[in-house]
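The block underneath contains the structure these notes are about, expressed in structure tokens.
Every chain is numbered from 1, with letters handed out A, B, ... down the list of sequences.
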Amino acid sequence: PQDRVHLHGPSRDHDSRSPSDSISLPPSAFAAVPTLSVYRKSPRPCPNQALVDELAVLRSWRFLQHGTGAPESISYATAISAIIGAPKIDNVEQARKLHKVGPKLLIKIDEFLTTGKIAESEETRNSAKFKALDEMTSVYGVGQKTAVELYENGIRSLEQMRALDRWPIGFKYQEDMQIKMSRADCESVANFIRIQLDRVEPGAHTVLLGGYRRGKTHSSDIDLLCTYPHEEGKEKGILSRLLYRLLAKGLIPEDGVLWSSSFASHNVAPERASTRSFDSLDKAFVIFRHPANGITRKRDYFRRVDIIITAWSTFGSAVVGWTGSTQFERDLRQVAEKKGYKFEAGGLFDKQTGVRIPTLTEKDVFRALDIPWL
DNA sequence: GGGCAATACG
DNA sequence: CGTA
DNA sequence: GCCC
């Protein structure tokens with residue numbers, strides 16, 4: 001998720017470079033780059049794409065060493081995000097004006113501007129430990145902590161991990177889950193699910209979110225948001241019916257429901273079920289079997305799909321919350337907090353009263369928080 | 001020196 | 001702790 | 001690592 005690049009409209013991730021980018025801008029233009037990602041565009045590729053690619057290695061390295069939530073990691077993520085939102089950098093004085101880019105980053109940027117690369121990035125890419133941790137965390141259920149622990153115990157490869165027999169599901173579908181999906185693949189998977197959804201709840205509506213919506217050409221998973229337009233409450237129960245149907249049709253393997261709020265509530269104590277925050281969205285993380293079509297798919301492929309259900313009245317919040325990127329969500333919450341709101345994918349709330357502001361559309365969220373639509 | 005987004009749940 |  |  002950290003590779004997600006944020007943007008605002010559905011066309012947010014398109015190349016927005018222009019001929020004027022070849023002209024060197026005054027440092028003041030860089031000081032004008034907004035501090036938070038919600039106030040700037042994030043084109044991809046961006047004008048500083050080669051630099052970003054180099055710095056991204058160091059960001060990954062920090063993620064693997066300290067976790068994505070560690071300050072060392074967040075500082076790199078925010079700095080890279082700022083660079084993504086900046087015009088073409090061709091001297092250090094410009095970079096110096098960017099918010100969130102400090103002395104340490106400037107040294108790296110300077111090196112890149114003079115040599116065209118960053119030595120530490122290259123070393124990191126080739127380091128055995130980096131490669132081992134990177135590979136180990138690719139297994140579903142294995143995060144940074146576990147990978148570091150495994151490494152300390154001498155584990156270095158997927159083969160060694162497999163022998164431990166601790167992640168049966170992770171390894172069962174590991175191979176397919178490494179293969180990224182094209183946008184056409186994402187759309188095809190979504191359409192398979194829509195057909196079944198229409199059988200259990202005609203009139204229900206779905207949209208593809210996540211990296212796909214941000215314009216990524218390839219995705220490692222699919223985020224599918226489902227609602228029932230204009231009829232509050234009619235979305236209730238959709239998830240379990242849909243899951244049962246997908247299971248019955250073999251579109252989800254028997255062991256393919258990795259997690260589901262809906263299914264869980266079956267064997268859950270009633271009081272526990274009602275304890276659930278009434279705003280939290282129903283969701284299921286599944287393995288979807290994408291049937292072969294004999295043309296673009298010679299065989300079935302197993303894909304990670306997240307299915308999320310939202311009430312119509314909070315559809316906008318759900319769209320914003322499940323589109324990302326990670327950085328965008330962080331910055332959005334900061335803005336909400338500062339303006340007396342609390343934002344979650346389940347809704348936008350007044351911090352004082354706890355009252356939920358209706359957010360039928362994505363623009364309702366932006367409007368309430370006074371964030372421009374870029 | 002404190003803060004960095006946020007939270008439900010298995 | 002891991003996942004979203 | 002960067003900002004307040």
Regarding D53(A) and Q49(A), is there a side-chain donor-to-acceptor distance under 3.5 Å anywhere?
yes

Would you classify V139(A) as touching base, sugar-phosphate or nothing, given that sugar-phosphate means primed atoms plus P, OP1 and OP2, and contacts are heavy atoms under 4.0 Å?
sugar-phosphate

If you look at every strand shown and take non-hydrogen atoms under 4.0 Å, does F343(A) touch a base, only sugar-phosphate, or nothing?
nothing

Dump the intermediate steps for salt bridge (charged side-chain N to carboxylate O under 4.0 Å, His left out) on D176(A) and R299(A), then the final yes or no.
CA-CA 11 Å; D176(A) 276 15; R299(A) 62 168 176 89; 2.9 Å; yes

By nearest atom, which of the nucleotides [options] is closest to the [X] side chain?
X: I74(A); options: dA5(B), dT7(B), dG2(C); value: dA5(B)
X: E344(A); options: dC4(B), dT7(B), dA5(B); value: dT7(B)
X: K342(A); options: dT7(B), dA5(B), dC9(B); value: dT7(B)
X: P103(A); options: dA4(C), dG1(D), dC2(D); value: dC2(D)
X: K145(A); options: dA5(B), dT3(C), dG2(C); value: dG2(C)
X: L105(A); options: dA5(B), dC2(D), dC9(B); value: dC2(D)
X: T146(A); options: dG2(C), dC4(B), dG1(D); value: dG2(C)

Take the protein atom [atom1] of [X] and the nucleotide atom [atom2] of [N], then report the distance between them rounded to whole Å.
X: K104(A); N: dC2(D); atom1: NZ; atom2: C1'; value: 10 Å
X: L258(A); N: dC9(B); atom1: CG; atom2: C1'; value: 14 Å
X: I109(A); N: dG1(D); atom1: CD1; atom2: P; value: 14 Å
X: D282(A); N: dA8(B); atom1: CG; atom2: P; value: 15 Å
X: D221(A); N: dA4(C); atom1: CG; atom2: P; value: 6 Å
X: Q144(A); N: dC1(C); atom1: CD; atom2: P; value: 9 Å
X: H66(A); N: dC2(D); atom1: NE2; atom2: C1'; value: 15 Å
X: R330(A); N: dC2(D); atom1: CZ; atom2: P; value: 16 Å

L197(A) side chain near I238(A) side chain, heavy-atom distance below 4.5 Å:
yes

Check for a donor-acceptor pair, side chain of R59(A) on one end and backbone N or O of S73(A) on the other, with a separation under 3.5 Å.
no

Where along residues 301-313 of chain A does a heavy atom come under 4.0 Å from DNA chain C, residue by residue in number order?
R304(A), D306(A)

Which residues, if any, of residues 26-33 of chain A bring a heavy atom under 4.0 Å of DNA chain C?
none

Among V335(A), L332(A), T78(A), which residue satisfies the side-chain contact (heavy atoms from CB on, under 4.5 Å) criterion with L36(A)?
V335(A)

On the nucleotide dC4(B), are OP1 or OP2 found under 4.0 Å from the side-chain N or O atoms that K100(A) carries?
no

Given F285(A) and D306(A), is the side chain to side chain contact (heavy atoms under 4.5 Å, CB included) satisfied, shown in steps?
CA-CA 5 Å; F285(A) 311 146; D306(A) 301 331; 3.3 Å; yes

What are the two closest non-hydrogen atoms of P229(A) and G203(A), and how far apart are they?
CD-O, 3.4 Å

Gap in Å between the two [atom1] atoms, one belonging to [N] and one to [M], rounded:
N: dG10(B); M: dA6(B); atom1: P; result: 23 Å
N: dA5(B); M: dC9(B); atom1: P; result: 23 Å
N: dA8(B); M: dG1(D); atom1: C1'; result: 30 Å

F328(A) vs F366(A) aromatic rings, parallel, tilted or perpendicular, using cut-offs 30° and 60°?
tilted

Using the rule that two of Ile, Leu, Val, Met, Phe, Trp, Tyr join whenever any of their side-chain heavy atoms come within less than 4.5 Å, decide whether F343(A) and W373(A) are in one cluster.
yes

Please list, one pair per line, the donor and acceptor atoms closer than 3.5 Å that link side chains of residues 101-112 of chain A to other protein atoms, with sequence neighbours excluded.
residue	atom	partner	partner atom	Å
K108(A)	NZ	E120(A)	OE1	3.0
E111(A)	OE2	A119(A)	N	2.7

With the threshold set at 4.0 Å, does a side-chain nitrogen-carboxylate oxygen contact exist between E159(A) and R162(A)?
no

